[in-house]
Peer 1: 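Handing you a structure now.
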Protein chains: 2
Amino acid sequence: MVAETQNGRETDGALGEWLADELLRRILSGEVPVGSWIRHAAVAEEFGVSRTPVREALRVLHAQGVVTITPNRGARVNGHSGRDIRELGAVRGELEGLAAELAAGLIDDDQLRRLNSAWDRYDRAVDAHQAADPEADPAGVTEAARLWAEANEDFHGVILEAAASHQLSLTIAEISRRLPRNSAFAAYAGNSRLLRQNSAEHRQIAEAINAGDAARARRAMTRHVRSSAEALARWVENQGQSRDR
Amino acid sequence: MVAETQNGRETDGALGEWLADELLRRILSGEVPVGSWIRHAAVAEEFGVSRTPVREALRVLHAQGVVTITPNRGARVNGHSGRDIRELGAVRGELEGLAAELAAGLIDDDQLRRLNSAWDRYDRAVDAHQAADPEADPAGVTEAARLWAEANEDFHGVILEAAASHQLSLTIAEISRRLPRNSAFAAYAGNSRLLRQNSAEHRQIAEAINAGDAARARRAMTRHVRSSAEALARWVENQGQSRDR
DNA sequence: GGCCCCAGTTTTGCATCCAATCGATCCGTC
DNA sequence: GACGGATCGATTGGATGCAAAACTGGGGCC
């Protein structure tokens with residue numbers, strides 16, 4: 001249970017930083033459920049460090065809006081209401097729309113190739129997911145699902161890279177921290193129609209960028225991000241009815 | 001120099017948090033110059049606390065992109081190149097544009113009144129600033145300058161409030177942390193033409209919101225924020241030529 | 001039977017202490 | 001005189017210790 005003290009962590013002497021990343025990963029992946037408390041002592045023991053770097057990591061996560069620290073009480077993982085998710089979708093839609101607009105004018109051959117590859121892989125992963133999963137895996141973390149999630153990240157990542165704006169990337173990364181991905185995972189894994197729609201939207205965006213049509217790329221991207229957020233918001237709201245919190 | 005240990009700080013037991021705010025304020029105001037190192041011991045002594053909360057505060061500022069922490073070396077205040085500032089202007093332009101669009105449809109009477117008040121105060125402060133300052137105050141922190149800076153904050157603040165999107169506010173606040181305001185201060189204080197132009201842009205935005213024309217409000221706001229950033233970027237680039245860093 | 005109060009325990013928050021690392025300076029050698 | 005290496009000082013990074021605050025449970029009182 002303690003065990004890992006040095007499982008190749010390459011910390012560069014920034015232990016608190018590394019802890020923040022690791023905790024963030026667990027929170028986004030859903031290993032640490034929304035609403036749960038994070039205890040200094042528990043984390044410290046698990047990673048084989050003292051409470052000091054744990055405190056630092058938690059304060060960083062608090063500053064990033066991932067957890068909330070109540071004085072003398074502790075840190076708990078932030079959840080988001082449907083409204084929050086829609087708002088985040090609007091914000092992210094603007095920024096990714098801007099990225100798509102910039103990318104349409106700046107993308108190079110290699111990035112274009114990777115963009116089309118990502119879109120293609122996404123498509124095929126959805127096919128595989130739909131074919132191989134006849135309600136057999138309610139948890140939704142099939143291999144195919146992992147693949148389309150990865151392809152999706154690549155798709156958006158290449159566009160962001162092509163936009164070549166460091167501050168834009170930073171800001172989008174900041175927003176992504178506020179949205180647990182496993183929610184998106186679960187919301188999409190069970191709804192093939194959404195996956196298909198996403199795929200079609202990706203194709204439209206890729207086409208516009210291929211054609212160098214900045215305005216169209218932007219509109220398509222903004223619409224895509226917003227509709228994804230809308231779907232996620234509805235899923236969360238439905239879940240909320242049956243699950244206590 | 002030590003002195004203040006308890007000058008009404010009302011910390012609620014969140015000392016690290018308070019320190020981060022205070023340090024951020026000093027950095028944004030320019031009291032702590034860009035590029036300078038921030039030493040744990042110095043800050044700890046000045047505020048009469050131990051190094052532990054100082055460390056936490058610096059890590060928070062690092063996570064927010066305000067300072068950079070080099071392992072085993074320390075934290076130094078981040079500056080921004082002209083390019084960074086233009087990128088930030090593009091990002092912020094999108095988000096404040098969205099805010100203006102939303103505000104045009106949601107603003108209530110009281111907010112509308114405060115919006116027009118802010119715009120009016122800005123105008124008058126610029127008049128006063130221009131009249132009272134015949135190159136007499138190169139530092140640029142005249143009373144009139146303070147007034148227009150405040151009116152400017154109010155103007156943007158009311159629009160953001162009317163947009164009624166918590167996540168949007170959070171994101172814009174996040175971006176604001178990356179831009180030292182004293183730069184903007186100094187850049188504008190010496191250039192009346194820019195102040196006038198800003199004033200005119202504010203009026204256009206206010207008019208569009210008054211008229212409930214969301215699309216026009218958005219365009220005007222985006223253009224306004226971008227041109228402000230462009231002016232600031234040029235000022236920083238010119239400064240950079242004569243000043244070492 | 002329900003409510004309130006009080007002690008015990010848990011947990012956070014900060015301070016202090018010790019180790020590790022980096023840069024600077026000084027010395028020796030070529 | 002210049003370069004290379006070792007030692008010293010300064011500074012950060014992490015661990016531990018201790019006090020304060022908040023939850024928990026139990027007992028007494030109304």
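Reminder, nothing fancy here: chain letters follow the sequence lines and each chain counts from 1. Only a predicted model underlies this, so the values are computations on that prediction, with no experimental measurement involved.
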Peer 1: Let me know the distance between CD of B:E56 and P of D:dT12, rounded to the nearest Å.
Peer 2: 16 Å

Peer 1: Using modelled atom types only, decide if a donor and an acceptor are shared between the side chain of B:H40 and the backbone of B:R51 within a distance under 3.5 Å.
Peer 2: no

Peer 1: Nearest whole Å is fine: how far is C:dT12 C1' from B:E17 CD?
Peer 2: 14 Å

Peer 1: Determine: side-chain N/O of A:T52 to OP1/OP2 of D:dG14, distance under 4.0 Å, yes or no.
Peer 2: no

Peer 1: Yes or no on ring-ring contact (aromatic ring centres under 6.0 Å, His included) for A:H166 and B:H80, after CA distance, side-chain angles and deciding distance?
Peer 2: CA-CA 12 Å; A:H166 182 219; B:H80 291 284; 9.1 Å; no

Peer 1: Using a cut-off of less than 4.0 Å, is there contact between a side-chain N or O of A:R73 and OP1 or OP2 of C:dT11?
Peer 2: no

Peer 1: Apply ring-ring contact (aromatic ring centres under 6.0 Å, His included) to residues B:F47 and B:W18 and explain how you reach the verdict.
Peer 2: CA-CA 11 Å; B:F47 291 97; B:W18 176 73; 5.8 Å; yes

Peer 1: Closest to the B:V49 side chain: D:dC23, C:dA15, D:dG14?
Peer 2: C:dA15

Peer 1: Can you check the B:F47 CZ to C:dC14 C1' distance for me, whole Å?
Peer 2: 16 Å

Peer 1: Within the structure, does a side-chain N or O atom of A:R39 lie under 4.0 Å from either OP1 or OP2 of C:dT12?
Peer 2: yes

Peer 1: What is the distance, to the nearest angstrom, from the CD1 atom on A:I38 to the P atom on C:dT12?
Peer 2: 10 Å

Peer 1: Between D:dG13, C:dG13, D:dT16, which nucleotide has the shortest distance from any of its atoms to the side chain of A:R55?
Peer 2: C:dG13

Peer 1: Within the side chain of A:T171, is there an N or O that forms a donor-acceptor pair under 3.5 Å with the backbone of A:Q167?
Peer 2: yes

Peer 1: For B:E45 and C:dT16, give me the distance from atom CD to atom C1', rounded to whole Å.
Peer 2: 16 Å

Peer 1: Whole Å only: how far is the CG atom of A:N72 from the P atom of D:dC23?
Peer 2: 9 Å

Peer 1: I need the NE2-P distance between A:H62 and C:dT12, as an integer number of Å.
Peer 2: 15 Å

Peer 1: Give one of base, sugar-phosphate or nothing for A:L19, where a contact means two heavy atoms less than 4.0 Å apart.
Peer 2: nothing

Peer 1: Nearest whole angstrom, please: distance from the P of C:dA19 to the CG of A:L15.
Peer 2: 18 Å

Peer 1: Give a yes/no answer on whether the side chain of B:R51 brings an N or O atom under 4.0 Å of OP1 or OP2 in D:dG14.
Peer 2: no

Peer 1: Can you figure out which of C:dT12, D:dG14, C:dA15 approaches the side chain of B:P53 most closely?
Peer 2: C:dA15

Peer 1: Take A:R26 and A:E46 through the test salt bridge (Lys or Arg N to Asp or Glu O under 4.0 Å) and record every step on the way to the result.
Peer 2: CA-CA 13 Å; A:R26 294 192 180 192; A:E46 175 171 6; 2.8 Å; yes

